[in-house]
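Here the structure is laid out as structure tokens; the discussion comes afterwards.
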Amino acid sequence: QVQLVESGGGLVQAGDSLSISCAASGRTFGSYTMGWFRQAPGKERVFVAAIRWTVGPTYVADSVKGRFTISKDNSKNTVYLQMTSLKTEDTAVYYCAEDPRRTLGTPSSRVTDYDYWGQGTQVTVSS
């Protein structure tokens, strides 16, 4: 059973930086894709970034490109989302998720393609 646990969320001011983490456990992860999604109040959950445990490029949504970076530490089975120049519209619950089925090509940005989810961590950006 895969377990994903996010941490590091909090309250920050606009323009600040924040890094959140997702620790994965339960089995080995091969070439699986790890994704970050976010969900603002009253809105749908949307893709933010993705990375594979193996060597390869990272993928970041256009809405946060240049401000957010996804990275991983395979030795810790942990994926990170570094967020800079935060804006009030970045306020959301941030979720990490795993897609264990698509190991080649561009990672999916669809919520329904990810099988395992963490409980989420709240990021609030004040003006």
Side-chain angles (χ1 to χ4, degrees):
Q1 181 74 18
V2 175
Q3 287 189 318
L4 304 175
V5 179
E6 301 96 336
S7 62
L11 173 62
V12 297
Q13 291 189 326
D16 284 353
S17 299
L18 186 69
S19 181
I20 56 178
S21 305
C22 172
S25 62
R27 54 160 162 72
T28 57
F29 298 95
S31 299
Y32 301 156
T33 300
M34 296 298 296
W36 281 103
F37 292 76
R38 66 184 183 184
Q39 187 167 19
K43 296 188 177 181
E44 294 184 345
R45 193 171 298 189
V46 297
F47 173 79
V48 175
I51 192 169
R52 290 202 168 98
W53 290 111
T54 52
V55 175
T58 61
Y59 304 87
V60 181
D62 289 342
S63 60
V64 299
K65 195 167 292 183
R67 298 191 299 120
F68 289 14
T69 303
I70 187 171
S71 61
K72 60 186 172 67
D73 184 336
N74 289 63
S75 68
K76 297 181 180 179
N77 285 344
T78 299
V79 176
Y80 304 94
L81 185 68
Q82 291 94 26
M83 303 178 287
T84 65
S85 301
L86 282 161
K87 305 176 182 179
T88 55
E89 52 262 44
D90 294 319
T91 294
V93 178
Y94 284 72
Y95 298 91
C96 71
E98 183 199 81
D99 173 6
R101 290 171 283 144
R102 277 156 286 274
T103 59
L104 297 174
T106 302
S108 174
S109 60
R110 297 189 302 183
V111 170
T112 52
D113 285 340
Y114 288 76
D115 291 351
Y116 301 98
W117 292 82
Q119 82 289 349
T121 187
Q122 177 71 48
V123 173
T124 303
V125 184
S126 64
S127 59

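Rounding to the nearest 0.5 Å places CD1 of I70 at 7.0 Å from OG1 of T58. Going from atom CD of E6 over to atom OG of S21 covers 10.0 Å, rounded to the nearest 0.5 Å. One finds the CD atom of Q119 at 10.0 Å from the CD atom of Q3 (value rounded to the nearest 0.5 Å). Distance check, rounded to the nearest 0.5 Å: OG of S17 to CG of L86 gives 6.5 Å.
Looking only at side-chain heavy atoms (C-beta outward), V93 and T121 stay at 4.5 Å or farther from each other. Residues T33 and W53 are not in side-chain contact: their nearest non-hydrogen atoms beyond the backbone lie 4.5 Å or more apart. At a threshold of 4.5 Å between non-hydrogen side-chain atoms, the residues D99 and Y32 do not count as touching. Under the 4.5 Å side-chain criterion, counting only non-hydrogen atoms from C-beta, D115 is not in contact with E98. Taking 4.5 Å as the limit, every side-chain heavy atom of Q39 sits out of range of all side-chain heavy atoms of E44. In this structure, the side chains of M83 and V123 come closer than 4.5 Å at one or more pairs of heavy atoms. Taking 4.5 Å as the limit, every side-chain heavy atom of R38 sits out of range of all side-chain heavy atoms of F47. Y80 has its side chain out of reach of I51: every pair of non-hydrogen atoms, C-beta onward, lies at least 4.5 Å apart.
When only modelled atom types and interatomic distance are considered, S31 and R52 share no side-chain donor-acceptor pair under 3.5 Å. Neither side chain, T84 nor Q82, offers a donor N or O lying under 3.5 Å from an acceptor on the other. A side-chain N or O of S108 and one of D113 form a donor-acceptor pair less than 3.5 Å apart.
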Discussion item. The test is salt bridge (charged side-chain N to carboxylate O under 4.0 Å, His left out); show your working for D90 and K87 and say whether it passes.
Written reply: CA-CA 5 Å; D90 294 319; K87 305 176 182 179; over 6 Å; no
Worksheet entry | Chi angles and distances behind the side-chain contact (heavy atoms from CB on, under 4.5 Å) call for V64, V48 | CA-CA 7 Å; V64 299; V48 175; 4.0 Å; yes
Practice prompt. Let me see the working for W117 and L4 under side-chain contact (heavy atoms from CB on, under 4.5 Å), right down to the final yes or no.
Written response: CA-CA 6 Å; W117 292 82; L4 304 175; 5.6 Å; no
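The number of heavy-atom neighbours closer than 6.0 Å to CZ of R101, taken from other residues, nucleotides and ligands shown, is above 12. In E89, the CD atom is crowded: over 12 heavy atoms of neighbouring residues, nucleotides or ligands sit closer than 6.0 Å.
Hydrophobic clustering of Ile, Leu, Val, Met, Phe, Trp and Tyr side chains at less than 4.5 Å, counting indirect connections, unites L81 with M34. One hydrophobic cluster, built from ILVMFWY side chains closer than 4.5 Å, cannot hold both F68 and Y59; they sit in different ones. Residues V2 and V79 fall within the same hydrophobic cluster, defined by Ile, Leu, Val, Met, Phe, Trp and Tyr side chains chained together at heavy-atom separations under 4.5 Å.
Not one N or O on the side chain of T112 forms a donor-acceptor pair closer than 3.5 Å with the backbone of R110. Side-chain N or O atoms of R67 include one that pairs as donor or acceptor with a backbone N or O of S85 at under 3.5 Å.
Between T78 and K76, the shortest heavy-atom contact is OG1-O, 2.9 Å. Taking every heavy atom of both residues into account, P107 and Y114 meet most closely at CB-OH, 4.3 Å.
Aromatic ring centres of F37 and Y95 lie farther apart than the 6.0 Å criterion allows.
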